[in-house]
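For reference, the structure is listed below as structure tokens.
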Amino acid sequence: MGDVWVNGELLTEEDARISPFDHGLLTGDGVFETLLARGGVVFGARRHLERLARSAAILGLSVPPHGVLREAMGDVMKANGRTDARLRITVTGGPSPLGSDRGTAPPTVIVAAVEPTIWPPTTAVAVAPWPRNERGAVAGAKTISYAENVVALAWARERRAGEALFANIAGNLCEGTGSNVFVGIGDRLVTPPLSSGCLAGVVRGLLLEGGVAVEEDVPINALAAIEEAFLTSSTREVQPIDRIDGRPLTGTFAKADAAQDLLASHWKNSPDP
Ligand SMILES: Cc1ncc(COP(=O)(O)O)c(C=O)c1O
């Protein structure tokens with residue numbers, strides 16, 4: 001996989017060592033960010049680093065200053081000879097006792113860069129039978145406890161879908177396992193509000209600020225009548241949905257195209273908005 005940055009040091013994957021007692025490994029006590037770089041430019045770095053700090057605050061973790069993490073991302077891309085990369089910053093509770101209590105060791109901080117994921121131009125989605133808990137202690141935080149997402153995505157793949165969508169406890173649309181979701185309702189493009197329990201996605205935020213969509217709760221049953229929808233994430237950017245639970249959508253993808261144009265203009269004019 002190449003070199004990784006661990007606690008301030010650039011190391012080969014073979015030499016990088018995380019304690020078997022790391023609380024992230026033992027309990028999922030940690031937060032992360034996934035970022036996309038093109039031509040050496042990390043898209044939305046400030047927004048990602050601010051969200052990392054917000055997620056860490058929810059868990060009571062501390063994160064290194066922005067400058068340290070920006071430099072680490074640059075160093076790890078350089079060490080791997082990549083200007084285009086999928087970057088991941090992970091901050092965990094560090095070495096700890098074996099239970100839910102965190103120890104007194106400093107957090108573990110890892111920055112890795114791999115090749116960007118190539119996503120299919122469109123995707124099928126399946127609605128997972130398990131809810132997102134919008135009232136949970138870590139709702140809205142990007143924690144490394146992704147086991148629910150792993151199970152839901154595997155479930156979706158068994159149904160030939162590339163992403164699973166979650167409803168929340170209230171029965172409203174929430175998000176995907178690694179994406180936010182936008183649906184066309186009449187003339188409007190709608191995405192669930194943060195109170196649905198979804199992550200405050202960086203791409204989601206840019207589309208809302210750009211005025212192409214509004215926040216609104218969408219009852220999960222309403223998906224049966226949706227004809228246009230797409231997913232967003234930093235690595236997918238805008239990915240139109242072509243099927244929901246096996247039903248083909250007849251939309252034109254016009255709303256997805258407008259959203260993608262807005263992102264493209266950010267890449268061109270203000271990639272770190
Ligand atoms: C659960 C979840 N929701 C939404 C997103 C999209 O967020 P962003 O646009 O910041 O990549 C992600 C990103 O991986 C995610 O994991």
Side-chain angles (χ1 to χ4, degrees), residues 1-16 31-53 55 63-91 109-123 142 144 146 149 153 162-163 176-180 182 199-207 209-210 212 230-241 253 256-273:
M1 277 289 197
D3 288 2
V4 288
W5 185 102
V6 182
N7 297 330
E9 265 189 297
L10 268 179
L11 298 162
T12 63
E13 186 187 348
E14 292 72 32
D15 289 339
V31 293
F32 78 105
E33 285 296 318
T34 296
L35 311 90
L36 181 67
R38 284 206 198 113
V41 176
V42 182
F43 189 78
R46 179 184 60 84
R47 288 172 186 254
H48 281 285
L49 293 173
E50 286 176 1
R51 186 174 64 194
L52 183 74
S55 299
V63 287
H66 284 201
V68 170
L69 294 173
R70 279 181 185 267
E71 205 177 316
M73 288 191 284
D75 288 352
V76 85
M77 282 199 283
K78 202 161 150 204
N80 289 285
R82 289 189 190 287
T83 52
D84 292 354
R86 175 185 176 126
L87 292 150
R88 172 156 169 152
I89 304 171
T90 308
V91 180
V109 186
I110 304 165
V111 183
V114 300
E115 72 279 9
T117 309
I118 311 280
W119 294 99
T122 63
T123 187
K142 195 165 166 71
I144 61 172
Y146 258 39
N149 293 337
L153 185 56
E163 177 64 305
T177 65
S179 58
N180 289 111
F182 290 73
L199 186 72
V202 168
V203 176
R204 173 188 178 282
L206 288 172
L207 297 187
E209 287 168 31
V212 301
F230 60 81
L231 303 174
T232 63
S233 79
S234 295
T235 62
R236 284 174 207 260
E237 303 201 300
V238 175
Q239 187 183 36
I241 294 173
F253 299 153
D257 288 345
Q260 185 60 56
D261 287 350
L262 183 69
L263 269 195
S265 89
H266 272 297
W267 266 108
K268 196 159 162 251
N269 303 317
S270 58
D272 195 0

Practice task
Please step through side-chain contact (heavy atoms from CB on, under 4.5 Å) for the pair Arg70 and Asp272, ending with a clear verdict.
Solution key: CA-CA 12 Å; Arg70 279 181 185 267; Asp272 195 0; 2.9 Å; yes

With the side chain counted from C-beta on, respond yes when [X] and [Y] share a heavy-atom pair under 4.5 Å apart, and no when they do not.
| X | Y | answer |
| --- | --- | --- |
| Leu52 | Leu69 | yes |
| Ile89 | His48 | no |
| Gln239 | Ser233 | no |
| Ser234 | Leu35 | no |
| His266 | Phe43 | yes |
| Leu263 | Val203 | yes |
| Tyr146 | Thr177 | no |
| Leu231 | Ile241 | yes |

Practice task
Using a strict cut-off of less than 4.0 Å between a Lys/Arg side-chain nitrogen and an Asp/Glu carboxylate oxygen, indicate whether Lys142 and Glu33 qualify as a salt bridge.
Solution key: no

Exercise for the section: Could you tell me whether a side-chain N or O of Ser270 sits under 3.5 Å from a main-chain N or O of Pro273, the two making a donor and an acceptor? Expected result: no

Would you give the length of the straight line joining atom [atom1] of [X] to atom [atom2] of [Y], rounded to the nearest 0.5 angstrom?
| X | Y | atom1 | atom2 | result |
| --- | --- | --- | --- | --- |
| Asp3 | Glu14 | CG | CD | 9.0 Å |
| Lys78 | Leu10 | NZ | CG | 10.0 Å |
| Leu36 | Arg236 | CG | CZ | 13.0 Å |
| Glu13 | Leu11 | CD | CG | 11.5 Å |
| His66 | Arg46 | NE2 | CZ | 9.0 Å |
| Arg88 | Ile144 | CZ | CD1 | 7.0 Å |

Exercise for the section: Tell me, yes or no, whether the heavy-atom count around Glu209 atom CD, taken from other residues, nucleotides or ligands under 6.0 Å, exceeds 12. Expected result: yes

Exercise for the section: Look at the aromatic rings of Phe182 and Phe230 and report parallel, tilted or perpendicular, splitting at 30° and 60°. Expected result: parallel

Problem - Member of Val111, Leu87, Thr83 meeting the side chain to side chain contact (heavy atoms under 4.5 Å, CB included) criterion with Met77 - result: Leu87

Handout entry: Flag for Glu163-Ser179: side-chain donor and acceptor within less than 3.5 Å
Key = yes

Practice task
Work out which heavy atom in Arg82 is nearest to a heavy atom in Val114; give both atom names and the distance.
Solution key: NE-C, 3.6 Å

Problem - Taking every non-hydrogen atom, the tightest pair across Ala256 and Val238 - result: O-CG1, 3.6 Å

Handout entry: Check against side-chain contact (heavy atoms from CB on, under 4.5 Å), Arg204 and Leu199
Key = CA-CA 9 Å; Arg204 173 188 178 282; Leu199 186 72; over 6 Å; no

Exercise for the section: For the pair Phe32 and Ile110, evaluate side-chain contact (heavy atoms from CB on, under 4.5 Å) and give the outcome as yes or no after the intermediate values. Expected result: CA-CA 9 Å; Phe32 78 105; Ile110 304 165; over 6 Å; no

Exercise for the section: Go through the structure and list residues passing side-chain contact (heavy atoms from CB on, under 4.5 Å) with Val4, not counting sequence neighbours. Expected result: Val6, Ala16, Ala112

